[in-house]
Novice: 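Structure incoming, see below.
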Amino acid sequence: MTNPAVQNYVVVQIILKEKLWGTGSGNLPELEKAINAQAALGYRLHTITTASSGSKGFGGGDRIQATMVFERLGL
């Protein structure tokens with residue numbers, strides 16, 4: 001019997017801001033930090049999806065929304 005207080009899945013969303021010049025995210029360590037935080041709680045990354053929101057004007061850069069689903073280990 002499983003404990004109803006324990007979540008089997010956790011969903012986390014992070015907004016990543018693109019670099020002003022060039023390509024790629026300037027803050028991938030933020031994504032890594034979120035993944036490692038869930039791993040420390042006993043979850044593994046099950047699914048990740050991304051969506052781009054486009055430019056936010058001069059100096060704003062593009063934004064990418066990363067949605068991650070984590071699955072509890074040892075179910």
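All residue numbers in this chain count up from 1 along the given sequence.
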Novice: Do Leu28 and Val12 sit in the same hydrophobic cluster, where Ile, Leu, Val, Met, Phe, Trp and Tyr count as joined when their side-chain heavy atoms come under 4.5 Å apart?
Specialist: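 Same cluster: Leu28 reaches Val12 through Ile, Leu, Val, Met, Phe, Trp or Tyr contacts under 4.5 Å.
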
Novice: Only one of Ile14, Val11, Thr47 forms a side chain to side chain contact (heavy atoms under 4.5 Å, CB included) with Met68, so which one is it?
Specialist: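 That would be Ile14; it is the only one of Ile14, Val11, Thr47 passing the side chain to side chain contact (heavy atoms under 4.5 Å, CB included) with Met68.
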
Novice: Among residues at least two apart in sequence or on other chains, which ones pass side chain to side chain contact (heavy atoms under 4.5 Å, CB included) with Thr50?
Specialist: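 Thr50 satisfies side chain to side chain contact (heavy atoms under 4.5 Å, CB included) with Ile64, Ala66 only.
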
Novice: Less than 4.5 Å apart, any side-chain heavy atom of Lys33 and any of Ile35?
Specialist: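 A side-chain contact under 4.5 Å is absent here.
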
Novice: Could you go through Ile48 and Thr67, starting from their C-alpha distance and side-chain angles, then the distance that decides it, and tell me whether this counts as side-chain contact (heavy atoms from CB on, under 4.5 Å)?
Specialist: CA-CA 6 Å; Ile48 184 169; Thr67 303; over 6 Å; no

Novice: Who pairs with Glu30 by side-chain hydrogen bond (donor to acceptor under 3.5 Å, both in side chains), at least two apart in sequence or on another chain?
Specialist: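 Checked Glu30 against side-chain hydrogen bond (donor to acceptor under 3.5 Å, both in side chains); zero matches.
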
Novice: Find the distance between OG1 (Thr49) and CD (Gln65) and round it off to the nearest 0.5 Å.
Specialist: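 Rounded to the nearest 0.5 Å, the OG1-CD separation comes to 7.5 Å.
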
Novice: Show the atom names and distances, to 0.1 Å, of all donor-acceptor pairs under 3.5 Å that link a side chain in residues 37-46 to residues at least two apart or in another chain.
Specialist:
| residue | atom | partner | partner atom | Å |
| --- | --- | --- | --- | --- |
| Tyr43 | OH | Gln7 | O | 2.8 |
| Tyr43 | OH | Arg72 | NH1 | 3.4 |
| Arg44 | NE | Glu71 | OE1 | 3.4 |
| Arg44 | NH2 | Glu71 | OE1 | 3.2 |

